[in-house]
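Okay, so here's the structure we're looking at.
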Amino acid sequence: MADILSANAVQGRAPGHLCQKGEILDLERLRHSTAHVMAAAVCRVFDGVQLDIGPSTSDGFYYDFDLAHRITPEDFPAIEAEMSRIIDADIPFERVEVSRQQAAEMLRGQTYKLERLADIPADASITFYRCGDFADLCRGPHLERTGQIKAFKLLSVAGSYYRGLETNPMLQRVYGTAAATPKELKAILKLQEEAKQRDHRRLGRELDLFSMQEDVGPGLIHWHPRGARIRCLIEDFWRQEHFRGGYEILYTPHIGRAGLWETSGHLGFYRESMYAAMEIDNAAYYLKPMNCPFHIQVYKSHKRSYRDLPLRWAELGTVYRYEKAGVLHGLLRVRGFTQDDAHIFCAPDQITGEIKRTLRFAISILRSFGFENISAYLSTRPAKAVGADENWADATAALEQALQELEMDYQVDAGGGAFYGPKVDLKIQDAIGREWQLSTVQFDFNMPERFDVTYTGADGQEHRPYMVHRALLGSLERFFGILVEHYKGAFPLWLAPEQVRVLPLTDMQLDYAQQVVDNLREAGVRTGLDATSGKIGAKIRGAQVQKIPYMLIIGPREADAGLVAVRSRAGGDEGPCTPDEFAARIRHEAVPQTAGDPAAARTDAAARA
RNA sequence: GCCAACGUAGCUCAGUCGGUAGAGCAGCGCAUUCGUAAUGCGCCGGUCGUCGGUUCGAUUCCGACCGUUGGCUCCA
């Protein structure tokens, strides 16, 4: 069983890109020290505080506490004021190395800290950092003095299980951030504000793209006409590229008998993510959480020869998975979604070529959506795994060789693969530098075994093919959410649901405007007409707010001369031209970023070779 | 699922120390016919998330539920 949509779960994180590389360490030190100051302040403001840990993060810091008082944002001013007092006092941070026994003595009554102490290996040194009357078990490093903290802010408070385990007590985590200067702090807060402006949930409502409905259920997406139009464009492009790239497309059912899911192993290992069975004619059927068993059924529908391989079968397959209520998040984490799934069945000697081809294909598709900054992660065999060692070695080598031949930088997550096979994940960076995992390419040594998938080799014997699962965009819902944030709702021309809006100056120009609209629509341009009676400024504003790429303004001058006055979303007034000239320009511009690009075509041809 | 906060018109929000609510935008109507980011006037619109409890009376207090939001392995 391959969960090719573990990507569904991964949230974007802003890397610490506000600073230069060499400064990252200093920033971590600053933030970690600020976390200590916050902990000291919380201990002063409230009684009976149990401390856990307080690390720096990619964009700030947090500290976990356990105390009777429920901390709310209303407590922040008091905590921040106390922090400021500690900073103004310019207290030194002192590193103190102690014996385990001394440490236990110093941590008396601090149950979490004592457990953390017990985690420290016997041969490691144990250090405390003392800052005035506050000392914390800590590896460091820290600033020299609290006075070096120039800018900080507490941001939020949230529950957090001790050690992240549901069975452990819930602690209170206070998040904050700190920067070298007030100006840099302002920049961080501004970035957060920018992220808020881009939030796909907000833009989804404002641009009328999609919604969730309480009457239907959480985590279930309704695509409105504008969002659905964009999805269609994505899907059309996706299908076209897949056919060009040597794939065939499958459609498979949404439910299947219990026996299928027994064989696949899903009922054994994945049951808690599946919805309860429904009974049909005295047999149990399950809604599909993955597509792979169905693709295997198609494979097994008749005998396969080595001459048939490789088989590349893709499907925009809608799956349903139970996700805990608290983890649902807009389009990024949902309960029903459509994977851009594919399964590749190939002979062992074909794997390197197939992997290379798949990665190249993935990169080409991602670039088409404006993602240029792509990084790769290779996950290798975990301790517990199925499949022969030599298969793992082959597959891992194929992944690695492909990455090297494509000259891709990649990080290795040793032992990070699934029990059924190694994988490569691709992450992209969006317009404001946040990283998102989209593509995943996973070997599966489990499923072919379970379903006894074979092909007849040249030797007349039955052989086990390699099976690769891959998703490029992950889920269409999640990918769409990321795209909305990446483009801030201002979709490029080829994806814009309404590419052009015609704005007559007065209704004297309505007839001519309608004629222009009809002609553009005839030419395949997605065109709208603003027939309201407001001033032209209001119509322009309406189109700008809806982020429509082009406006065609038609007053008496244009109507008389058979022209249109072009205004672009980004560039403003661009002057008049004829409707035909404009249509030609649109045709030229409304293409994916790499389509028609000779370099991309070469990549594609190479991939087919 | 767990912790916390929140839920008032389609959207963004105000308000009620318990006596059944208001604005802007959107929508609709009328007037306006205007040259590159908001024309004016009027109208419509809410069982104050749902259910139950306390009360003469609940949108307001209490409880349960539903939903939303921020988090829940970035290691002392």
Side-chain angles (χ1 to χ4, degrees), chain A residues 11 13 15-16 28 31-32 36 51-62 64 66 70-74 103 107 110 112-121 124-129 136-140 155-175 196 199 201-202 205-206 208 211-219 272 322-330 503-510 532-546 551-558 565-569 571-576:
Chain A
Q11 307 270 322
R13 297 255 181 219
E28 281 176 5
R31 287 170 170 171
H32 185 46
H36 269 234
L51 301 169
D52 187 27
I53 55 167
S56 69
T57 65
S58 55
D59 39 29
F61 61 85
Y62 66 80
D64 284 348
D66 194 4
R70 300 282 107 175
I71 300 175
T72 69
E74 274 119 66
L107 294 173
Q110 288 286 341
Y112 305 105
K113 280 290 183 193
L114 283 167
E115 285 189 37
R116 298 284 186 181
L117 174 65
D119 288 348
I120 300 176
S125 63
I126 295 168
T127 55
F128 274 72
Y129 275 81
D136 196 1
L137 176 67
C138 179
R139 184 167 51 196
L155 297 174
S156 61
V157 56
S160 140
Y161 293 107
Y162 174 55
R163 293 181 190 272
L165 288 177
E166 285 183 36
T167 46
N168 282 343
M170 178 67 69
L171 306 180
Q172 299 186 63
R173 176 171 294 182
V174 179
Y175 283 92
K196 231 162 127 185
D199 192 310
R201 292 166 299 185
R202 174 202 188 107
R205 196 171 41 241
E206 288 174 1
D208 197 16
S211 67
M212 261 91 83
Q213 302 294 335
E214 191 170 341
D215 287 347
V216 176
E272 73 276 13
Y322 173 74
E323 299 277 2
K324 289 179 180 176
V327 306
L328 299 174
H329 181 90
L503 313 178
L505 191 69
T506 74
D507 50 14
M508 300 295 284
Q509 289 81 46
L510 253 179
T532 59
S533 73
K535 290 189 184 177
I536 194 65
K539 296 180 190 185
I540 288 168
R541 182 170 190 279
Q544 285 291 153
V545 167
Q546 287 292 306
M551 285 149 264
L552 297 181
I553 292 151
I554 293 175
R557 293 201 293 267
E558 289 77 22
V566 179
R567 182 191 161 97
S568 80
R569 173 176 66 194
D573 193 351
E574 297 188 3

Pick the nucleotide of RNA chain B nearest each of A/Ile71 and A/Ile536; which residue has the one closer to the 5' end?
A/Ile71
Send over the distance from A/Gln546 CD to B/A38 P, rounded to a whole Å.
16 Å
Quick one: which of B/C34, B/C75, B/C72 gets closest to the side chain of A/Arg116?
B/C75
Using a heavy-atom cut-off of under 4.0 Å over every strand shown, decide if A/Leu117 touches base, sugar-phosphate, or nothing.
nothing
Roughly how many Å apart are B/A21 and B/G46, using the P atom of each and rounding to a whole number?
13 Å
Please work out if A/Gly537 contacts a base, only the sugar-phosphate, or nothing of the nucleic acid, heavy-atom cut-off 4.0 Å.
sugar-phosphate
Scan A/Glu558 against the nucleic acid and name what it touches under 4.0 Å (heavy atoms): base, sugar-phosphate only, or nothing.
base
Taking any heavy-atom pair under 4.0 Å as a contact, classify A/Asp573: base, sugar-phosphate, or nothing.
base
Given atom CE of A/Met170 and atom C1' of B/C2, what is their separation to the nearest angstrom?
4 Å
Answer with base, sugar-phosphate or nothing: what part of the nucleic acid does A/Gly159 contact at a heavy-atom distance below 4.0 Å?
base
Answer with yes or no whether A/Tyr322 presents, from its side chain, a donor or acceptor under 3.5 Å of a partner atom in the base of B/G1.
no
Whole angstroms only, please: what is the CD-C1' distance between A/Gln172 and B/C2?
13 Å
Of the candidates B/C3, B/C34, B/A37, the side chain of A/Lys535 sits closest to B/C34
Classify the side chain of A/Ser533 versus the base of B/U33 as yes if they form a donor-acceptor pair under 3.5 Å and no if they do not.
no
When we call it a touch if two heavy atoms are under 4.0 Å apart, what does A/Ala565 touch: a base, just sugar-phosphate, or nothing?
base
A/Glu214 has a side chain; which of B/C2, B/U68, B/C66 sits nearest to it?
B/C66
Under 3.5 Å, is there a donor on one side chain and an acceptor on the other for A/Arg163 and A/Tyr161?
no
Report each atom pair, protein N/O against N/O of nucleotides 40-48 of chain B, whose distance is under 3.5 angstrom.
none

Rounded distance in Å - CE (A/Met508) to P (B/C34):
9 Å
List the steps, then state whether salt bridge (Lys or Arg N to Asp or Glu O under 4.0 Å) holds for A/Glu166 with A/Lys324.
CA-CA 12 Å; A/Glu166 285 183 36; A/Lys324 289 179 180 176; 2.3 Å; yes
When both distances are under 3.5 Å in a Watson-Crick or G-U wobble arrangement, the nucleotide paired with B/G7 is B/C66
May I ask you to say what A/Thr167 touches in the nucleic acid, namely base, sugar-phosphate or nothing, with a heavy-atom cut-off under 4.0 Å?
nothing
So A/Pro556, base contact, sugar-phosphate only, or nothing? Heavy-atom distance under 4.0 Å.
base
Would you tell me whether A/Tyr162 and A/Asp52 have side-chain atoms, one donor and one acceptor, within less than 3.5 Å of each other?
no
Between B/U12 atom C1' and A/Arg202 atom CZ, what is the distance in whole Å?
10 Å
What nucleic acid atoms does A/Lys539 come within less than 4.0 Å of, heavy atoms only: base, sugar-phosphate, or nothing?
nothing
A/Glu323 CD to A/His329 NE2 distance, which is reported to the nearest 0.5 Å
13.0 Å
Report yes if at least one side-chain N or O of A/Arg567 is closer than 4.0 Å to OP1 or OP2 of B/G35; otherwise report no.
no
Give one of base, sugar-phosphate or nothing for A/Thr72, where a contact means two heavy atoms less than 4.0 Å apart.
nothing
Phosphate-side-chain proximity, A/Tyr175 and B/C74, N/O vs OP1/OP2 below 4.0 Å:
no
Here the distance between atom P of B/C66 and atom CG of A/Leu328, to the nearest Å, is 13 Å
With a 4.0 Å cut-off on heavy atoms, is A/Arg201 in touch with a base, just the backbone sugar-phosphate, or nothing at all?
sugar-phosphate
Measuring to OP1 and OP2 of B/G70, would you say a side-chain N or O of A/His329 lies under 4.0 angstrom away?
yes
Figure out the CE/C1' separation between A/Met551 and B/G35, and round it to whole Å.
14 Å
Taking all atoms of both residues into account, what is the closest heavy-atom pair of A/Leu51 and A/Lys113, and its distance?
O-CG, 3.6 Å
Give the minimum heavy-atom separation between A/Gly219 and A/Leu328, together with the two atoms involved.
N-CD1, 4.1 Å
Between A/Glu166 and A/Arg205, which is nearer to the 5' end of RNA chain B once each is assigned its nearest nucleotide?
A/Glu166
Using the C1' atom on both, measure B/U60 against B/G45 and round to a whole Å.
23 Å
Closest to the A/Thr506 side chain, choosing from B/A37, B/G1, B/C34
B/C34
Taking a pair to mean Watson-Crick or G-U wobble geometry with both distances below 3.5 Å, B/C44 pairs with none
If you look at every heavy atom in A/Leu171 and A/Asp66, which pair is closest and at what distance?
CD2-CB, 3.7 Å
Select base, sugar-phosphate, or nothing to describe what A/Tyr162 touches, counting heavy atoms under 4.0 Å on all strands.
nothing
Rounding to an integer number of angstrom, what distance separates B/U54 and B/A4 when you compare their C1' atoms?
27 Å
Indicate whether any N or O donor in one side chain lies under 3.5 Å from an N or O acceptor in the other, for A/Ser56 and A/Arg31.
no
Need one value for A/Arg139: base, sugar-phosphate or nothing, where a base atom within 4.0 Å counts as base even if backbone is also close, heavy atoms only.
base
What does B/C2 pair with, Watson-Crick or G-U, if both distances are under 3.5 Å?
B/G71
Measure across A/Gly54 and A/His32 and return the closest heavy-atom pair with its distance rounded to 0.1 Å.
O-ND1, 2.9 Å
Checking contacts here: which listed nucleotide (B/U36, B/C72, B/C75) is nearest the side-chain heavy atoms of A/Ile53?
B/C75
NA contact type, A/Ala538, heavy-atom cut-off 4.0 Å: base, sugar-phosphate, or nothing?
sugar-phosphate
Check the phosphate of B/C74 against A/Tyr62, side-chain N and O only, distance under 4.0 Å to OP1 or OP2. Yes or no?
yes
N/O (side chain, A/Arg557) to phosphate O (OP1/OP2, B/G35) under 4.0 Å
no
Under a 3.5 Å limit on both distances, the Watson-Crick or wobble mate of B/C34 is none
Take A/Arg567 and A/Asp573 through the test salt bridge (Lys or Arg N to Asp or Glu O under 4.0 Å) and record every step on the way to the result.
CA-CA 4 Å; A/Arg567 182 191 161 97; A/Asp573 193 351; over 6 Å; no
When rounded to the nearest Å, what value does the distance between P atoms of B/G7 and B/C13 take?
11 Å
Restricting to non-hydrogen atoms, name the atom on A/Gln172 and the atom on A/Ile71 that form the minimum distance, rounded to 0.1 Å.
OE1-N, 2.8 Å
Separation of B/A37 P from A/Leu505 CG (nearest whole Å):
13 Å
May I ask which nucleotide in the shown strands pairs with B/C56, Watson-Crick or G-U wobble, both distances under 3.5 Å?
B/G19
